[in-house]
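Note that the coordinates shown come from a computational prediction; the quantities given were computed from them, not determined experimentally. All residue numbers refer to positions in the sequence shown, counting from 1.
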Amino acid sequence: MEGQFARLLSGRPMEWATDTVGEHVRAGTPEAYGYALRCPVCKAAVYHRSGAYNRPHFAHYSGNSNRECELYDPRIGGQVGASGSQPRHLAPSGFGAPALIWVDGELASLNLRFRLPKFPDGYASKLTITSSSGKRTLVGEELTRTVLVSIPLREPPAMVKTSPPDLAIEMRLEDVFSQFRLSGNYFRTVMNGGVLENPDAALELGEEYFYVSQRPFPEPSPSALKIAERKEHRGWWVYRVLLRDSPDTRNDDIADLRSYLGRSVVPPKPRVEIIWPPASRFDTDGTAVFAATVKQLVARSDGGPPNVETGSGAKVAIGDLGEGCYQITLNTPEEDAIVWMSSGTSRRLRFVEASLAAPRGVILTAANDRADLASIPAAEVARQSGAIEVSVPSERLWRNARLNGNRLSPLPNGGSLTLEGPLQDLRFGSFGSVVSAHRITNNCVNESPWYTKIDRIVATTVGLTASEALKSIRWKHQAVRWAVENDAMRLLPLVLSALSSEVSRGVS
C-alpha cells in the first residue's frame, strides 16, 4: 500500500506542512496561510504558493527539492501531529486568510477592499500597501485585528512591502493580489458584496456571484445564467448573476455554463448557516459579528453535523437539535471561529465587545420609535408622519447625506436635524438608507402587490433569490417556511407584518 501511495504522489509538488503546534496543514486550504510553517521531514521553513498554472503547494525558502520532503504524506506513516487531528481552518493565533472584496453599490469608486489577516501580538514588521490610490502603512496593534484597505481595480491591484523584510508575508499577500485579473473575476456574494474566488476554483450551481471584468458577457447568455443586474463604467462591466440549480436540468446546465463561462462548474455543495442568534452586524467581507457574550449558536446544515474550529483551538460542543439544526456551545471566550462542512461551504464568525458589536450610526427618532438607519426597523420609523429627528455620530456625515436625491443645503449645525415625515428617500451611503417602495398617498388604497413594500429590504439583506420567492407567499405558514429556507428568520416579523395588512385581498 505504501508503494502505491508513493507512485501516486511522484511528480506532485509538496502538499503538506506543519504549523506552530505540530498540526498538519494541506496546500490550498485556508490554514496554508498560517505563520511559521515547516516541512514535516527536514523541519526547514516553507511557504505556500499557487498560481494560474500551478496547483497550490509548499516550497522551501532554501530551494530544497528533496524527494522525501515532496512525497511526504501523513496517510502513509508520516509523523502525524501531536493530536493526530485533521488540518485546521484557523491557526491558533486567529489568523484569517487575506481576501479581495467587492462592495455592492460602489461602482463609481471602482475600488476593491483588501482584507488583511490578523497578525500575532508583537509582530515586528511595518507593512506598507502601495497602489495608484496612494500608500497605506500599518504597524503594531493595528495589525492584530482584521483590517480592510481600499485599492483600485488594476492588475495587480497593489504591491506590498514589509520593513524589516518579511518575505513570507509579502508572498502570501501578493499571491492574493495576483488572483485579480482584467477579466473573468467572480466574487461569491456575501451580505453587501462578494469575496473573490480563486481563478482555479469551480463555480457552484445555486450560488450568486458578482462578475467584474473588462469583457462583457457575450449575447445571448444561456438560460441557466440569470443576470439580476448589469452595469458598465469606465470600461469595467459588473454583473450580478445566479447560476440556476434545477435537478431536472442540472447536467445540461453544467455543460452549458462551462462552455459559456470557460470555467469549471459543479453541483451545489452542502451548506451551513447560522440561524440563531441574529448577528449584530456583518463586516464588509460577509463575516457575521456577534457580541463576545454569545456562547451558544444554532446552525442549520443540509449535509449532517458541521465542523467548528476556534481561533484559540479550544474544543466546542455540538448537539443535534433535529431537522438539520445543531447547537454549537463555545467553552471559552473566542475572537474568531469558523463553521464548515467537509465538502461544502464555511462561515466565518467574529466575537467582539458589546460596545463594538453594534456601533452607533445614523439614528432616526419619531414619536416613541427609534432605529439605526442601517437596520430593518428604520423603514418603519421613516414612514411615520410628524417630526423625525435624524442624529449623526459625526457632523461630517451631513456632506454625504441625500434627501429625495438632493444634498442638504445649508448643511446642519450640530449632530441632529428634524425633518417632517414620512420620509420617502433618505441616504447616508454606507451608514444606511431608506427608500419607499412606492409613493406615499393619502385617502387611496395601494393596489401594488403586498411584497413591494419590503422586497427592496429583503433583496439588500438576504439576496435577490429570497426577494423573488416572496411573490409566491400567500399564507403565514408559507412565510415561516420561506424564512427558514432563505436564512431570513430576522426578517420574518417584517414579512408577517406586511402579510397581516393584506388580509382583505386574499393574503392571510
Could you tell me whether the side chain of [X] and the main chain of [Y] form a donor-acceptor pair under 3.5 Å?
| X | Y | value |
| --- | --- | --- |
| Arg427 | Gly405 | no |
| Tyr239 | Ser213 | no |
| Arg263 | Ala201 | yes |
| Asn198 | Gln179 | no |
| Asp175 | Met171 | no |
| Glu204 | Lys269 | yes |
| Asn185 | Val212 | yes |
| Trp102 | Leu196 | no |
| Ser125 | Pro164 | yes |

Not counting sequence neighbours, which residues clear side-chain contact (heavy atoms from CB on, under 4.5 Å) with [X]? List them please.
| X | result |
| --- | --- |
| Ser472 | none |
| Ala317 | Thr329 |
| Leu242 | Glu208, Lys226, Thr465 |
| Ala27 | His48, Pro56, Phe58 |

Is the closest side-chain heavy-atom distance between [X] and [Y] below 4.5 Å?
| X | Y | value |
| --- | --- | --- |
| Leu100 | Ile151 | yes |
| Phe210 | Thr189 | yes |
| Ser131 | Arg154 | no |
| Glu334 | Ser312 | yes |
| Leu364 | Leu426 | yes |
| Leu173 | Leu127 | yes |
| Arg399 | Leu411 | yes |
| Pro156 | Ser178 | no |

Do you know which two heavy atoms are closest between [X] and [Y], and how far apart they sit?
| X | Y | value |
| --- | --- | --- |
| Val176 | Pro98 | CG2-CG, 3.5 Å |
| Arg370 | Thr365 | CG-OG1, 3.6 Å |
| Leu37 | Ala17 | CB-CB, 4.5 Å |
| Ile169 | Phe119 | CD1-CE2, 3.8 Å |
| Leu153 | Asn111 | CD2-C, 4.4 Å |
| Ser346 | Trp340 | CB-CB, 3.6 Å |

Apply salt bridge (Lys or Arg N to Asp or Glu O under 4.0 Å) to [X] and list each qualifying residue two or more places apart in sequence or on a separate chain.
| X | result |
| --- | --- |
| Lys471 | Glu468 |
| Arg230 | Glu219 |
| Arg136 | Glu142 |
| Arg347 | Glu273 |

Parallel, tilted or perpendicular: rings of Phe177 and Phe114 (30°, 60°) |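 Aromatic pair Phe114/Phe177 classed tilted.
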
Option passing side-chain hydrogen bond (donor to acceptor under 3.5 Å, both in side chains) with Tyr123 (candidates Thr162, Thr144, Asp166) =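 Looking at Thr162, Thr144, Asp166, the match for Tyr123 under the side-chain hydrogen bond (donor to acceptor under 3.5 Å, both in side chains) is Asp166.
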
Can you check side-chain contact (heavy atoms from CB on, under 4.5 Å) on Phe187 and Leu112, steps first, answer last?
-> CA-CA 11 Å; Phe187 295 77; Leu112 299 171; 3.8 Å; yes

Looking at residues at least two apart in the chain, or sitting in another chain, which of them share a side-chain hydrogen bond (donor to acceptor under 3.5 Å, both in side chains) with [X]?
| X | value |
| --- | --- |
| Gln384 | Asp369 |
| Asp245 | Arg250 |
| Thr128 | Thr137 |
| Gln478 | none |

Ion pair Arg271/Glu207, N-O distance below 4.0 Å | yes

Exceeds 12 heavy-atom contacts within 6.0 angstrom, atom CZ of Arg402 = yes

State whether the number of non-hydrogen atoms from other residues, nucleotides or ligands found under 6.0 Å of Glu229 atom CD is greater than 12.
->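 More than 12 heavy atoms, drawn from other residues, nucleotides or ligands, come within 6.0 Å of this atom.
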
Going through the checks in order, is the side-chain contact (heavy atoms from CB on, under 4.5 Å) test met by Tyr211 and Ile227?
-> CA-CA 10 Å; Tyr211 174 75; Ile227 300 177; over 6 Å; no

